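Side-chain atoms are counted along with the backbone in the values below, which use heavy atoms only and exclude waters and symmetry mates. All residue numbers refer to positions in the sequence shown, counting from 1. What you see is a predicted model, and the numbers here were worked out from it, not measured in a lab.
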Amino acid sequence: MTKHDADIIVIGAGVIGLSCALALQRAGLQVRVLERTGVAAETSQGNAGAFAFTEVEPLATPGIMRKAPRWLLDPLGPLSLPLGYAVQFAPWMLRFWRASWRDRYEQSTRAQTSLMQLSKQCLEELITSIQAEEMIQREGQLQLYEGEADFNANRESLKLKQAQGIEVDLLTGPDAIAAIQPGLSERFTHAAYTPAWMNVCNPATWVERLAQHFQEAGGEIVITHVSAIQPGSDSVTLITDQGSQTAGKVILACGAWSKSLAQSIGDRLPLDTERGYNTTLPAGAFELKTHLTFPAHGFVVSRIDGGVRVGGAVEFGGLRRPPNYKRAQMLLNKAKRFLPELNTAGGVQWMGFRPSMPDSLPVISQASQTDRVIYCFGHGHLGLTQSAGSAQLVKDLVLGEASAIDRTPFSAKRFH
């Protein structure tokens, strides 16, 4: 034991925090994780389980502000903003509008692409090192469109993927679609299939596997609430409900709960929450062959431990508003129309907080006023996808090493 409680303390035991902890531990550092609830107890447990490396386009696309008002006014639409949260949310929306300008959009897309490529490489290395291939579903993804007009409206997005070297097979007609996924409504006449897409069998058990390897190698996970960060000249002190703890450096990786802690040390970052909803159906609900995405409706259908998870959409509402499970039911009702043979009985509803930045890029950088606190949060709905690559960038920052990609687009200072 050094004069500190640990070389590194990571705040957060979700997929981002534990990926960082494991990477730093393997670099020879003594690491402790502090978590207020439990391993994968929040957003990391209930996502769709997708490693969405093909999703390089930010949410803030050119022209999206013409569509946003119509979506936002529909309380059950793919993008929702409760009226009572609108004033508080306005500064985020202004930055989102600026991020949708062509210059910022292109910058974000390049940065997203580089992080995706790094994350895919790091994930494959991680799968091998923790012997987890049996947890991976390499079954591709099918994006589905209702008619030629819907398909053509997404042409630019598909061309963008192809320009980045992503294999995308374009399909026309229900028969071609059924060859990959039988049982879909014939309303879907066009599709795009990305064969390299991969999923994890269950995102919660994936994070638990990371925690297991971390602990077996001597790492500590302590359940405690961190109320304050106090950087010093040669250490960082954390105030917790179990007393103070010190470390040489601290990694702030507690997702949507990172905002107030970052603000307390001088960084007012535009972090908000994409509240995502889903329903998980038991095994036998439907014979799903591949991950299904319905872009016009803002939701996906994925296979989780043999069952089916129907979820998605975006509701901006912060951390305190109660869940609106009508949104989960709405998605399930649509899934039943789109997959007529889907058995919707026995489902379990869930809502999680995706930590979202206006430009769709996470913050992976040192804090503005101290190099002893490193941020790693704000991944939106891509936390699982980008976890391994983000951990590599954090390790580089801690060790003072150059990174394989430019870290500048992920700096906390980009919002100053």
Side-chain angles (χ1 to χ4, degrees), residues 6-24 29 31-36 42-44 92 95 108 111-112 114-115 118-119 226-232 235-239 247-274 319 353-380 382-401 403 405-416:
D7 296 333
I8 305 288
I9 290 180
V10 177
I11 306 174
V15 69
I16 297 294
L18 281 167
S19 295
C20 292
L22 196 57
L24 292 164
L29 297 166
V31 184
R32 175 180 292 179
V33 174
L34 304 185
E35 163 59 43
R36 68 187 186 92
E42 300 287 355
T43 310
S44 290
W92 191 100
R95 290 183 181 275
S108 296
Q112 198 77 288
S114 66
L115 182 55
L118 176 65
S119 296
V226 178
S227 58
I229 301 175
Q230 298 176 346
S235 66
V236 182
T237 300
L238 299 179
I239 307 303
K249 292 191 175 182
V250 164
I251 315 301
L252 180 55
C254 51
W257 289 268
S258 302
K259 182 176 182 176
S260 60
L261 287 172
Q263 186 171 324
S264 73
I265 56 172
D267 283 308
R268 298 180 64 87
L269 297 171
L271 176 67
D272 214 289
T273 57
E274 296 178 35
L319 291 168
F353 301 99
R354 310 182 192 109
S356 180
M357 307 301 290
D359 57 3
S360 298
L361 298 179
V363 177
I364 309 173
S365 79
Q366 295 170 340
S368 298
Q369 299 182 27
T370 175
D371 62 1
R372 292 194 172 274
V373 178
I374 294 171
Y375 299 147
C376 191
F377 55 78
H379 296 76
L382 296 170
L384 175 65
T385 302
Q386 298 176 339
S387 55
S390 297
Q392 177 66 43
L393 295 183
V394 166
K395 186 187 77 168
D396 295 340
L397 280 163
V398 169
L399 299 180
E401 298 178 349
S403 295
I405 66 172
D406 181 11
R407 295 193 299 254
T408 306
F410 311 105
S411 172
K413 295 180 180 179
R414 73 186 190 265
F415 296 108
H416 288 184

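Contact annotation: the side chain of Ser390 never approaches that of Phe410 to less than 4.5 Å [non-hydrogen atoms, C-beta and beyond]. Put simply, the side chain of Met357 reaches to within 4.5 Å of the side chain of Pro270, judged on heavy atoms. Taking the side chain as every heavy atom from C-beta outward, Ile251 and Leu24 approach each other to under 4.5 Å.
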Ile9 and Val236: side chain to side chain contact (heavy atoms under 4.5 Å, CB included), yes or no, with the steps?
CA-CA 9 Å; Ile9 290 180; Val236 182; over 6 Å; no

Check against side chain to side chain contact (heavy atoms under 4.5 Å, CB included), Leu34 and Val10:
CA-CA 6 Å; Leu34 304 185; Val10 177; over 6 Å; no

Please step through side chain to side chain contact (heavy atoms under 4.5 Å, CB included) for the pair Asp7 and Val398, ending with a clear verdict. CA-CA 10 Å; Asp7 296 333; Val398 169; over 6 Å; no

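In summary, the side chains of Thr237 and Gln230 do not present any donor paired with an acceptor at a separation below 3.5 Å, with no hydrogens or angles considered.
Nearest heavy-atom pair, Pro355 versus Ala256, reported as atom, atom and distance to 0.1 Å: CB-N, 3.4 Å. The minimum heavy-atom distance linking Leu397 with Ser365 is given by the pair CD1-CA, 3.8 Å. When all heavy atoms of Ser114 and Ala111 are compared, the closest pair comes out as OG-O, 2.8 Å. A pairwise comparison of heavy atoms in Gly378 and Leu271 identifies CA-CD1, 3.9 Å as the closest pair. Across all non-hydrogen atoms, the minimal contact from Cys254 to Leu261 is SG-CD1, 4.3 Å.
Put simply, CG on Leu361 and CD on Gln386 are 8.0 Å apart, with the number rounded to the nearest 0.5 Å. To the nearest 0.5 Å, the span separating OG1 on Thr370 from CD1 on Ile265 amounts to 7.0 Å. Here CG of Leu269 is found 5.0 Å from CZ of Phe377. Values are rounded to the nearest 0.5 Å. The CD1 atom of Ile405 sits 7.0 Å away from atom CD1 of Ile364, with the distance rounded to the nearest 0.5 Å. Atom CG of Asp396 and atom CD1 of Ile374 lie 10.0 Å apart (nearest 0.5 Å). Interatomic distance, His379 NE2 to Ser119 OG, rounded to the nearest 0.5 Å: 7.5 Å.
For Thr273, there are no side chain to side chain donor-acceptor pair (under 3.5 Å) partners, not counting sequence neighbours. Considering only residues two or more places apart in sequence or on other chains, Arg372 meets the side chain to side chain donor-acceptor pair (under 3.5 Å) condition with none of them. With sequence neighbours excluded, no residue satisfies side chain to side chain donor-acceptor pair (under 3.5 Å) with Arg95.
A donor-acceptor contact shorter than 3.5 Å is absent between the side chain of Ser411 and the backbone of Thr408. Judged by distance alone, the side chain of Gln112 and the main-chain N or O of Ser360 form a donor-acceptor pair under 3.5 Å. Side chain of Asp267 to main chain of Ser368: a donor-acceptor pair is present (N/O by atom type, distance under 3.5 Å, no hydrogens or angles).
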Please tabulate, for side-chain N and O atoms in residues 11-19, each donor-acceptor pair with protein atoms closer than 3.5 Å (sequence neighbours left out).
from	atom 1	to	atom 2	distance (Å)
Ser19	OG	Val15	O	2.6

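Among residues at least two apart or in separate chains, ring pair (Phe, Tyr, Trp, His ring centres under 6.0 Å) pairs with a member in residues 353-373 are Trp257-Phe353. Note on residues 405-416: pairs passing salt bridge (charged side-chain N to carboxylate O under 4.0 Å, His left out), not counting sequence neighbours, are Asp359-Arg414.
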